[in-house]
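In what follows, a structure is listed as structure tokens, so that the remarks can point back to it.
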There are 2 protein chains.
Amino acid sequence: MVPRKTHFTSEITPELNGREVVVAGWVWEIRDLGRVKFVVLRDREGFVQLTFKAGRTPDDLLSKIPQLNKEDVVVVRGIVEASKIAKSGVEVFPQEMWVVAKARPLPVDLWEGTSDLPTRLKYRAADLKSPRNLAIFTTASEILKAVREVLYRHKFVEVFTPKIIATSTEGGAELFAVLYFERVAYLAQSPQLYKEQLTASLERVFEIAPAYRAEKHNTDYHLNEFISIDGEGAFMDYNDIMDVLEEIMRSIASVVNSRRDRLEKVGIRPVLEKVDKIPRVDYDEAVERLRALGYDVKWGDDLTVEMQKALTKFYGPLYFIVNFPASLRPFYTKRIDGDPKKTESYDLILDGIEVVSGATRIHRREDLEREMRERGLDPAAFESHLSVFDWGMPPHAGFGMGFNRLLMSLLGLKNVREAVLYPRDRYRLEP
Amino acid sequence: MVPRKTHFTSEITPELNGREVVVAGWVWEIRDLGRVKFVVLRDREGFVQLTFKAGRTPDDLLSKIPQLNKEDVVVVRGIVEASKIAKSGVEVFPQEMWVVAKARPLPVDLWEGTSDLPTRLKYRAADLKSPRNLAIFTTASEILKAVREVLYRHKFVEVFTPKIIATSTEGGAELFAVLYFERVAYLAQSPQLYKEQLTASLERVFEIAPAYRAEKHNTDYHLNEFISIDGEGAFMDYNDIMDVLEEIMRSIASVVNSRRDRLEKVGIRPVLEKVDKIPRVDYDEAVERLRALGYDVKWGDDLTVEMQKALTKFYGPLYFIVNFPASLRPFYTKRIDGDPKKTESYDLILDGIEVVSGATRIHRREDLEREMRERGLDPAAFESHLSVFDWGMPPHAGFGMGFNRLLMSLLGLKNVREAVLYPRDRYRLEP
């Protein structure tokens, strides 16, 4: 009977000296020095050195080492010993070992990291075993946990809204069609209208779920299926939401920093050191700065990644741009009282990339209808949504965060596909 | 300038006596007794009584009361007073009030709960404002939080796998087709194969995300889009997973019990009192019991909801059935060593309904191929998945939990549609 794993490799510390443990994982490296043989075992959390020594290790166990291949799956019962020689200051002397699965040579190189991205994505399940990917995706999980904790603290409740929808929710983006029994339906590009509706009942809601864009461009920043973190709060405006986002980013930075050692070991240098107050830069000021820098940008233009990167020299790696022209924002964005060409809106820019976008929303039906008409949308097509505004719609504001893009920017990854387990893009539907 | 909400209604307690607060929500009830007028304000968390009194309340504020309609959205600044008369032992004397949105009569009855389910689902955004729905969906969020906490404690990391897939993952269930650029793709029925693959890298993973079944039957138990809570752990077997599920169910029961008062006030009587050890009933024993009760059931038959309900008299409202015949389980289920007609599998039954299903999985490629062939599946079609088993696949086991069904059973709801914000079924694609 194979015993249960008792510790992850990262939990095997010198303090366990003399204790019996069961470790389990994958053979990373084998060094056979004759009477002493070392096997480095990898698991999700790191590495541990197994030391086999003639005289000390049972003979039948010693005889198994020459048969081991890299990536064989083994479970090992042994004794921990603090060590001055082993890298981590600790080693395990095995007493029993079970080879629970044999491995054939892998189609990607986990060891030197020489495989190119297309190959890595093609054999993604193998590629995900690399220490680099393990560091990325355990960090991703910790970040999600931290985001939820801030949202719970601010009394947001978690919701799930449908991803199969009858019609385009916002206009604009291209949608994937779904054959839904006798009808054609679509995959939701965002939970925008649902989350707004829910502020009339659950007040503060958040959702972490997939979103879909049938966009044909195939860049390093775009995915056709991505994870969207959405929040919306009744009785809040865009400044309140930016306050919450500031806490979220502070918490995320602290998660990433607590993992800085592990990340740097695999060549990842996190971009954010520490988050205090995040500058809230007026769109007008941003445009002026850019013109002074020589950029050809007019009031009313959208800012490019290049421009956003240029602004980091004034505002640091993390800043908000606020109060965008109404023409740049969707129909449900509230205009600023007394300055109606501009809106109560913001983008959060990390390392030049927009990672969050949001605004105070319009909560009066007549305003919403007027904005729709101005943009050539027919309010009649939105009747089901508009009627909700007749039933007591509170003022509200919210945010949408592209989780994979955030992860990419935070960790300084070159391609957003590195920030998804199994990416979906224009030409990639498998694995 | 409308001030920020400082408290939810449930936070207005006698201890705040004398304090100034800002509450915000929806007009639930208006009682005009002449010189004294009461407005009951509802928000997500409950109710608070606002007391307007001639002489004490500013005149301009008093004059606003006759214009108020039910469901108007108001923000109120006022002073808390402990009260012997008000139901909750506390009332608020308003000093200022902002009517931030007017409401027209609602298409559903929130007050007596007389609207039928189709009407409620048609006008779902209005229906969700009912105290019953607020109780259901705030509880749902708390349950998700509790589930994640147990999984984090057992070192599962959160993942997201693609919902747009190239081919049927498991065979069997009917899939919705998606037009993915030039190709036809499908919506995933479960993350089964992905989560198994991920045990070879991240070891213990969980995912909470939508899943899709294009099944045509339209019953009280089925949805075409639902939320699936999936977990999979390397170096674990089905007993280990059942241990984790026991903790999850214990934690869920404790969440629900802590909210019992609120739930009972809206007519919901939670099914579970307290969870200790959950019985693990062998399939053979279940069949014998049922035959003794007079049910026409043979070894190898699936158990019906009626049968599962009948078994609660022996095992209580929550029990596992374990070790199902291989013929009843999917191809990736591990057979029991020495008893190969049966499998290391289980269902968790709550109030007669299967809410979780899982098993130890096969982790050897040749076994998996044999099981596929026995079921008429062609291993060549699964090559991308099977190849992962060549790269060091650990023994693993897991679970899949239908979140909406769980919520329905836990709260004793009659229809699973009551356990989804915006349900999707055979004929319902809106709102």
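Chain identifiers are assigned alphabetically (A, B, ...) following the order of the sequence lines, protein sequences preceding nucleic acid strands; residue numbering begins at 1 within each chain.
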- Message: For the backbone of A:Gly46 and the side chain of A:Thr9, can you confirm whether one donor and one acceptor N or O come within less than 3.5 Å of each other?
- Response: yes
- Under 6.0 Å between the ring centres of A:Phe181 and B:Tyr427? no
- chain B contact via A:Arg183 - side chain, backbone, both or neither, heavy atoms under 4.5 Å: side chain
- Task: Answer with yes or no after comparing the ring centroid distance for B:Tyr186 and B:Phe176 against a 6.0 Å cut-off, counting only values under it.
- Result: no
- Query: Does any heavy atom of chain A fall under 4.5 Å from the side chain of B:Arg365, the backbone, both, or neither of them?
  - Reply: neither
- Top residue by heavy-atom pair count (under 4.5 Å) with chain A, among B:Ser384, B:Ala126, B:Pro105? B:Ala126
- Message: Go through it in stages, so that I can follow the logic: the residues are A:Leu144 and A:Phe403, the test is side chain to side chain contact (heavy atoms under 4.5 Å, CB included), and I'd like the CA-CA distance, side-chain angles, deciding distance and then a yes or no.
- Response: CA-CA 9 Å; A:Leu144 290 168; A:Phe403 178 63; 3.8 Å; yes
- Item | chain A contact via B:Asp127 - which portion, at a heavy-atom distance below 4.5 Å | neither
- Output field: ring centroids B:Tyr194/A:Tyr422 closer than 6.0 Å: yes
- Do B:Arg259 and B:Thr138 have side-chain atoms, one donor and one acceptor, less than 3.5 Å apart? yes
- Note on the structure: Greatest number of non-hydrogen atom pairs under 4.5 angstrom with chain A, of B:Val75, B:Asp43, B:Val205, B:Val184, falls to B:Asp43
- Item | Region of B:Arg364 in contact with chain A, defined by heavy-atom distances below 4.5 Å | side chain
- Note on the structure: Whatever's closer than 4.5 Å to a heavy atom in chain A on B:Lys122 counts as neither
- Winner by heavy-atom pair count (cut-off under 4.5 Å) against chain B, out of A:Thr161, A:Asn224, A:Val420: A:Asn224
- Message: Is B:Lys163 close to chain A through its backbone or its side chain, or both, or neither, when contacts mean heavy atoms under 4.5 Å?
- Response: both
- Which heavy atom of A:Gly392 sits nearest a heavy atom of B:Trp26, and at what distance? O-NE1, 2.8 Å
- Message: Using heavy-atom distances under 4.5 Å, tell me whether A:Asp390 contacts chain B through its side chain, its backbone, both, or neither.
- Response: both
- Query: Which bit of B:Ile227 comes within less than 4.5 Å of chain A, counting heavy atoms only: side chain, backbone, both or neither?
  - Reply: side chain
- Query: Of all of A:Pro395, A:Pro107, A:Ser130, which one pairs up most often with chain B through heavy atoms under 4.5 Å apart?
  - Reply: A:Pro107
- Report the option among A:Lys145, A:Glu182, A:Lys102 that has the most heavy-atom pairs separated by less than 4.5 Å from atoms of chain B. A:Lys145
- Can you establish whether the number of heavy atoms outside A:Arg104 located under 6.0 Å from its atom CZ is more than 12? no
- Task: Go through the atoms of B:Leu187 and report whether side chain, backbone, both or neither lie under 4.5 Å from a heavy atom of chain A.
- Result: side chain
- Task: Mind listing the closest non-hydrogen atom pair of A:Thr6 and A:Glu11 along with its distance?
- Result: O-OE1, 4.4 Å
- A:Pro210 portion near chain B, given a 4.5 angstrom heavy-atom threshold: side chain
- Message: Just so I understand: if I count every heavy-atom pair under 4.5 Å between each of A:Asn133, A:Asp240, A:Val388 and chain B, which residue has the most?
- Response: A:Asp240
- Mind ranking B:Pro162, B:Ala103, B:Ala101 by heavy-atom pairs under 4.5 Å with chain A and telling me who comes out on top? B:Pro162
- Could you check which of B:His385, B:Glu45, B:Lys216, B:Glu142 has the highest count of heavy-atom pairs closer than 4.5 Å to chain A? B:Lys216
- Note on the structure: Counting heavy-atom pairs under 4.5 angstrom with chain B, the leader among A:Val27, A:Val2, A:Asp425 is A:Asp425
- The interface call for A:Lys70 against chain B, heavy-atom contacts under 4.5 Å, is neither
- Task: Please check if any side-chain donor atom of B:Thr360 sits under 3.5 Å from a side-chain acceptor atom of B:Asp237, or the reverse.
- Result: no
- Task: For salt bridge (Lys or Arg N to Asp or Glu O under 4.0 Å), just list the numbers for A:Arg213 and A:Glu225, CA-CA rounded to whole Å, side-chain angles, deciding distance to a tenth of an Å, and then say yes or no.
- Result: CA-CA 7 Å; A:Arg213 306 271 162 94; A:Glu225 175 172 25; over 6 Å; no
- Query: Highest number of heavy-atom pairs under 4.5 Å with chain A: which of B:Arg42, B:Glu203, B:Glu71?
  - Reply: B:Glu203
- Message: Heavy-atom cut-off 4.5 Å, strictly under: side chain, backbone, both or neither for B:Arg424 against chain A?
- Response: both
- Output, in order, the C-alpha distance, side-chain angles, deciding distance and verdict of side chain to side chain contact (heavy atoms under 4.5 Å, CB included) for A:Met393 and B:Val73. CA-CA 7 Å; A:Met393 181 58 99; B:Val73 186; 5.9 Å; no
- Message: With side chain to side chain contact (heavy atoms under 4.5 Å, CB included) as the criterion, how do B:Arg417 and B:Arg428 come out once you've worked through the C-alpha distance, each side chain's angles and the decisive distance to 0.1 Å?
- Response: CA-CA 11 Å; B:Arg417 289 164 187 77; B:Arg428 194 171 276 105; 3.5 Å; yes
- Task: Test side chain to side chain contact (heavy atoms under 4.5 Å, CB included) on B:Ile362 and B:Phe389 and set out the steps.
- Result: CA-CA 10 Å; B:Ile362 294 171; B:Phe389 289 69; 5.5 Å; no
- Query: So, is the end of the B:Lys155 side chain (NZ or CZ) under 6.0 Å from the ring centre of B:Tyr152 and within 45° of the ring's axis?
  - Reply: no
- Between A:Glu430, A:Arg4, A:His363, which has the largest tally of heavy atom pairs under 4.5 Å with chain B? A:Arg4
- Residue part contacting chain B, namely of A:Thr199, when any heavy atom lies under 4.5 Å: backbone
- Task: Measure distances from B:Arg204 to the heavy atoms of chain A and classify the residue's part below 4.5 Å as side chain, backbone, both or neither.
- Result: both
- Message: At a 4.5 Å cut-off on heavy atoms, which part of A:Ala24 comes close to chain B: side chain, backbone, both, or neither?
- Response: both
